[in-house]
Amino acid sequence: MHNTVKVTDKVYWIGGNDRRTSLFENMWPIPNGISYNSYLIIDEKVALVDTIEFGSSDDYLDKIEELIDGRTIDYLIINHMEPDHSGAIKTIVEKYPDIKLVGNLKTFKIIESYFGYKDKWYQIEDGDELNLGHHNLKFVMTPWVHWPETMMTYDLTEKILFSGDAFGSFGTLDGGIFDDEIEFEEYYKDEMRRYYSNIVGKYSNMVQKAFKKLEGIDIKYVCSTHGPIWRNDVNKVLSLYDKWSKFETENGVVIIYGSMYGNTAKMADSIARKLSEQGIKKIRIHDASKTHISYLINDIWRYKGVILGSCAYNSEMLPTMENLTRTLEHMGVKDHLLGLFGSYSWNGGGVKALHKFYETIQWELVSDPVDTKGIPGNEAFDRCESIAKAMAEKLKE
Ligand code: FEO
């Protein structure tokens with residue numbers, strides 16, 4: 001069968017790639033696309049693990065039909081009810097009307113408002129098991145990663161963790177499906193962090209709770225709902241998610257600014273140059289008015305140092321910076337070193353607003369904020385250098 005992939009002898013990947021959608025969740029740019037991973041376990045009983053986004057793969061049903069060869073599907077295990085995985089539930093139920101929908105109480109509270117199907121509910125609780133014949137599945141409740149009903153399904157027989165969105169990534173599967181078939185560092189790692197930080201990151205404490213639930217479980221395969229399947233270096237994906245959910249960062253600096261006429265931008269370049277002279281090699285500068293916020297958040301999740309700049313706009317920050325700082329507050333991002341700078345033409349306000357952000361987020365402010373009137377001159381650049389030096393010193397500690 002084309003376009004189905006054996007994970008193990010009786011477990012198949014039947015997902016699909018989406019290269020058409022521009023904005024995932026109508027919000028996040030996906031220039032590299034995304035995969036929706038669905039899995040089929042063919043045993044004495046047949047179980048489907050999650051479905052795909054409605055309409056994302058027109059041969060989804062054909063793949064199932066060919067693999068089950070005239071049999072029916074006994075169970076649809078719903079690890080996550082978000083429509084990018086539950087979109088095909090109606091189609092599946094209509095085709096296999098005797099199917100049982102397997103989920104927890106919170107799953108069914110959502111299903112009720114989407115589809116109904118009360119007569120098909122097969123409610124499980126944390127730690128319950130479901131025997132398919134050879135395969136024995138155990139359900140692990142991992143709520144709020146990143147919806148309330150999220151859970152994982154662990155195949156005790158072959159030690160496969162069907163993890164839902166956890167351990168997922170942006171990026172389609174271009175031929176390589178498994179971690180040992182792809183160039184993870186070059187192609188996926190950055191997109192995986194961008195996926196984690198923007199989609200799941202707000203719930204990092206719940207990711208840590210999920211890790212506690214998984215402690216002691218022998219995992220040979222990680223089968224997420226997006227991105228590659230892990231079978232060769234499972235610890236790699238587990239440790240990346242562990243690190244990101246603990247807000248562990250690299251020793252580098254991201255400078256993000258909002259600038260209308262280039263004065264604040266000049267200060268950003270000046271700070272970056274001085275950081276470089278201090279020996280910092282990992283430095284990224286973004287113009288918040290041009291670069292999508294998901295990339296800004298990705299770099300904030302990556303680097304310990306965050307230096308934010310804004311010109312004044314109606315006595316506040318530039319709205320693009322306001323959007324960024326409000327989102328960071330909403331996400332509760334932790335543990336960064338912070339520097340602040342900006343400029344104004346009449347009575348200021350941008351840097352004052354950035355300082356209010358600092359008071360809320362409570363990162364460590366490495367140096368006094370720099371606010372300058374008009375075109376920055378030597379005095380302003382000297383003060384920018386102070387931010388760079390203080391940041392570099394903290395990073396070297
Ligand atoms: Fe991939 Fe939360 O859905």
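Heavy-atom basis, side chains included; hydrogens, waters and symmetry copies ignored.
A distance-only check finds no donor-acceptor pair linking the side chain of H135 to the backbone of I41 [under 3.5 Å]. Side-chain N or O atoms of D128 include one that pairs as donor or acceptor with a backbone N or O of E125 at under 3.5 Å. Within the 3.5 Å criterion, the main-chain N or O of V200 finds no donor-acceptor partner in the side chain of S204. D84 contributes no side-chain N or O that, together with a main-chain N or O of Y36, makes up a donor-acceptor pair within less than 3.5 Å. Using modelled atom types, no side-chain atom of Y188 and backbone atom of F170 make a donor-acceptor pair closer than 3.5 Å. E181 places a side-chain N or O within 3.5 Å of a backbone atom of F178 that can act as its donor or acceptor partner. D126 places a side-chain N or O within 3.5 Å of a backbone atom of M141 that can act as its donor or acceptor partner. When atom types are taken as modelled, the side chain of D299 and the backbone of V254 share no donor-acceptor pair closer than 3.5 angstrom. S310 contributes a side-chain N or O that, together with a main-chain N or O of L318, makes up a donor-acceptor pair within less than 3.5 Å.
Taking the centre and axis of the six-membered ring of Y295, the NZ or CZ atom of R194 falls inside the cone set by 45° and 6.0 Å. A cation-pi geometry, defined here as NZ or CZ lying under 6.0 Å from the six-membered ring centre and within 45° of its normal, does not hold between R231 and Y221.
Around CG of N205, the count of heavy atoms belonging to other residues, nucleotides or ligands within 6.0 Å exceeds 12. Enclosure of atom CG in D58 is not indicated, since only 12 or fewer non-hydrogen atoms of other residues, nucleotides or ligands lie within 6.0 angstrom. Other residues, nucleotides and ligands contribute at most 12 non-hydrogen atoms within 6.0 Å of the NZ atom of K138.
By the 4.5 Å heavy-atom criterion applied to side chains, F139 and L130 are counted as neighbours. Two residues are said to be in side-chain contact when any heavy atoms from C-beta on lie closer than 4.5 Å; M331 and V333 meet this criterion. At least one side-chain heavy atom of K106 sits less than 4.5 Å from a side-chain heavy atom of P143.
Screening D50, T51, D165 against H85 for a side-chain hydrogen bond (donor to acceptor under 3.5 Å, both in side chains) leaves a single residue, D165. Of the candidates Y122, W121, Y96, Y75 forms a ring-ring contact (aromatic ring centres under 6.0 Å, His included) with just one, namely Y122.
Of the N and O atoms on the side chains of T21 and D18, at least one donor lies less than 3.5 Å from an acceptor on the other residue. A donor and an acceptor atom, one from each side chain of E82 and H146, are located under 3.5 Å apart. Looking at N37 and H226, their side chains never bring a donor and an acceptor atom within 3.5 Å of each other. A donor-acceptor contact closer than 3.5 angstrom is absent between the side chains of S169 and E191. Between S289 and T320, the side chains place a donor N or O and an acceptor N or O closer than 3.5 Å (distance only, hydrogens not considered). Side-chain atoms of D242 and S239 form no donor-acceptor pair, as typed in the model, at a separation below 3.5 Å. Neither side chain, T157 nor N136, offers a donor N or O lying under 3.5 Å from an acceptor on the other.
Taking CD of E379 as the start and SG of C384 as the end, the distance is 10.0 Å to the nearest 0.5 Å. From Q362, atom CD reaches atom CG of L338 across 10.5 Å, with rounding to the nearest 0.5 Å. Taking CG of N131 as the reference point, atom CG of D43 lies at 7.5 Å (rounded to 0.5 Å). In this structure, CD on Q208 lies 5.5 Å from NZ on K246, to the nearest 0.5 angstrom. Distance check: H355 NE2 to D368 CG gives 8.0 Å after rounding to the nearest 0.5 Å. Rounding to the nearest 0.5 angstrom, the gap separating the CG atom in D9 from the NE2 atom in H134 is 8.0 Å.
Residue I92 is grouped with residue L40 when hydrophobic side chains (ILVMFWY) are merged at heavy-atom distances under 4.5 angstrom, including chains of intermediate members. Side-chain heavy atoms closer than 4.5 Å link hydrophobic residues (I, L, V, M, F, W, Y) into clusters, and following such links, even through other members, never connects M391 to Y358. In terms of hydrophobic clustering, with Ile, Leu, Val, Met, Phe, Trp and Tyr side chains grouped at heavy-atom distances under 4.5 Å, Y114 and L76 are assigned to a common cluster.
A distance below 6.0 Å separates the ring centres of F357 and W363. A distance below 6.0 Å separates the ring centres of W230 and F184. Note: F162 and Y154 fail the aromatic proximity criterion, with ring centroids not under 6.0 Å apart.
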- Before giving the answer on salt bridge (Lys or Arg N to Asp or Glu O under 4.0 Å), spell out for E329 and R326 the whole-Å C-alpha distance, their side-chain angles and the decisive distance to 0.1 Å. CA-CA 5 Å; E329 285 173 14; R326 195 175 51 240; over 6 Å; no
- Item | Candidate pair W28 and Y195, rule ring-ring contact (aromatic ring centres under 6.0 Å, His included), full reasoning | CA-CA 9 Å; W28 313 109; Y195 174 86; 9.8 Å; no
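Ring geometry, W144 versus Y203: the interplanar angle falls under 30°, so the pair is classed parallel (tilted spans 30 to 60°). The aromatic rings of F115 and Y117 lie parallel to each other, with less than 30° between the two planes, well short of the 60° mark.
Remark: K189 engages E185 in a salt bridge (charged side-chain N to carboxylate O under 4.0 Å, His left out) (not counting sequence neighbours).
What you find for M260 and A312 is that their closest heavy atoms are SD-O, 4.3 Å.
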